Amino acid sequence: QVQLVESGGGLAQAGGSLRLSCAASGRTFRDYAMGWFRQVPGKEREFVAAISWSGGNTGYGDSVKGRFTISRDDAKNTLYLQMNSLKPEDTAVYFCAATISPAGPFYYSDSHVYNYWGQGTQVTVSS
């Protein structure tokens, strides 16, 4: 089992940047493929980015491609999301998620695949 705690959310201006972190504890971090999702009230959870267990493969939602970058530091048991060129429509609660993954280039955009979730961190982008 793994516990996830997000941090780094806050208020940013349009065009600005934020970096989210997700600290993991418990089972070996390297065993997990990881993802970031976001949600606004009244809408379904949206895929943002995902990364394979090795970090060698990544995937992004269409709305954030070219602006956001997902990365992981297994030595620090931490997942990151670098968010650049922020837009007001990026305003949401951001969640990190983890799922046990076989070795290989697998990353997952389906939220139902993930077994473990953090509590979320609010990101607000003003125009």
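Excluded from the calculations below are hydrogen atoms, water molecules and symmetry mates; all remaining heavy atoms, backbone and side chain alike, are included. Please read all numbers here as calculations on a predicted model, not as lab measurements.
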**Item:** Closest heavy-atom pair and its distance - S52, G56
**Value:** OG-N, 3.4 Å
**Item:** Euclidean distance, N57 CG relative to I51 CD1, rounded to 0.5 Å
**Value:** 9.0 Å
**Item:** salt bridge (charged side-chain N to carboxylate O under 4.0 Å, His left out) partners of residues 46-61, not counting sequence neighbours, each pair once
**Value:** R38-E46
**Request:** Considering non-hydrogen atoms only, spot the tightest contact between V2 and A98 and give its length.
**Result:** CG1-CB, 4.1 Å
**Request:** Drop me the distance from F29's CZ to K76's NZ, to the nearest 0.5 angstrom.
**Result:** 12.5 Å
**Contacts of type side-chain contact (heavy atoms from CB on, under 4.5 Å), residue S17, not counting sequence neighbours** = Q82, N84
**Request:** Taking side-chain contact (heavy atoms from CB on, under 4.5 Å) as the test, write out the residues that go with V113, two or more places apart.
**Result:** T99, Y108, D110
**Request:** State the CE-OG1 distance between M34 and T78, to the nearest 0.5 angstrom.
**Result:** 9.5 Å
**Asked** Which residue pairs satisfy the salt bridge (charged side-chain N to carboxylate O under 4.0 Å, His left out) criterion with at least one member in residues 56-71, sequence neighbours excluded?
**Response** D62-K65, R67-D90
**Message:** Has R72 got a side-chain atom pairing as donor or acceptor with A33's backbone, closer than 3.5 angstrom?
**Reply:** no
**Request:** Determine whether L79 and F68 fall in the same hydrophobic cluster, where Ile, Leu, Val, Met, Phe, Trp and Tyr are linked whenever their side-chain heavy atoms lie under 4.5 Å apart.
**Result:** yes
**Asked** Taking only residues two or more places apart in sequence, or in another chain, which ones meet Q1 in a side-chain contact (heavy atoms from CB on, under 4.5 Å)?
**Response** Q3, Y116
**Asked** Applying the 4.5 Å side-chain criterion to the ILVMFWY set and letting contacts propagate, would V64 and M83 be lumped into a single cluster?
**Response** yes
**Asked** Is E44 atom CD crowded by more than 12 heavy atoms from other residues, nucleotides or ligands, each under 6.0 Å away?
**Response** no
**Complete:** The salt bridge (charged side-chain N to carboxylate O under 4.0 Å, His left out) partners of R30 (sequence neighbours excluded) come to D74
**Prompt:** Can you tell me how far OH of Y60 sits from OG of S109, rounded to the nearest 0.5 angstrom?
**Reply:** 13.5 Å
**Asked** Tell me, which pairs form a disulfide bond (SG atoms under 2.5 Å apart) where one or both residues lie in residues 66-104, sequence neighbours left out?
**Response** C22-C96
**Request:** Enter the distance from L81:CG to Y94:OH here, rounded to the nearest 0.5 Å.
**Result:** 7.5 Å
**Prompt:** Who pairs with Q13 by side chain to side chain donor-acceptor pair (under 3.5 Å), at least two apart in sequence or on another chain?
**Reply:** none
**Prompt:** Got a second to check how far L4's CG is from Y32's OH, nearest 0.5 Å?
**Reply:** 8.5 Å
**Asked** Which ILVMFWY residues are connected to Y107, directly or by a chain of links, through side-chain heavy atoms under 4.5 Å apart?
**Response** none
**Complete:** For Y80, the ring-ring contact (aromatic ring centres under 6.0 Å, His included) test, sequence neighbours excluded, returns none
**Item:** For A12 against L86, the heavy-atom pair lying closest together
**Value:** CB-CD1, 3.8 Å
**Asked** Just wondering, do S7 and S21 contact through their side chains at under 4.5 Å, heavy atoms?
**Response** yes
**Asked** L20, V40: one ILVMFWY side-chain cluster at the under-4.5 Å cut-off?
**Response** no
**Fill in**
Heavy-atom closest pair (G61 atom, F47 atom, distance to 0.1 Å) is N-CE2, 3.5 Å
**Prompt:** Which residue pairs pass the disulfide bond (SG atoms under 2.5 Å apart) test when at least one of the two sits in residues 44-92, sequence neighbours left out?
**Reply:** none
**Item:** Qualifying residues under side-chain contact (heavy atoms from CB on, under 4.5 Å), relative to S111, sequence neighbours excluded
**Value:** F37, W117
**Message:** Using a 3.5 Å distance criterion without hydrogens, assess whether the side chain of Q119 forms a donor-acceptor pair with backbone atoms of V5.
**Reply:** no
**Message:** I'd like to know if V123 and W36 are part of one continuous hydrophobic network [Ile/Leu/Val/Met/Phe/Trp/Tyr, side-chain heavy atoms within less than 4.5 Å].
**Reply:** yes
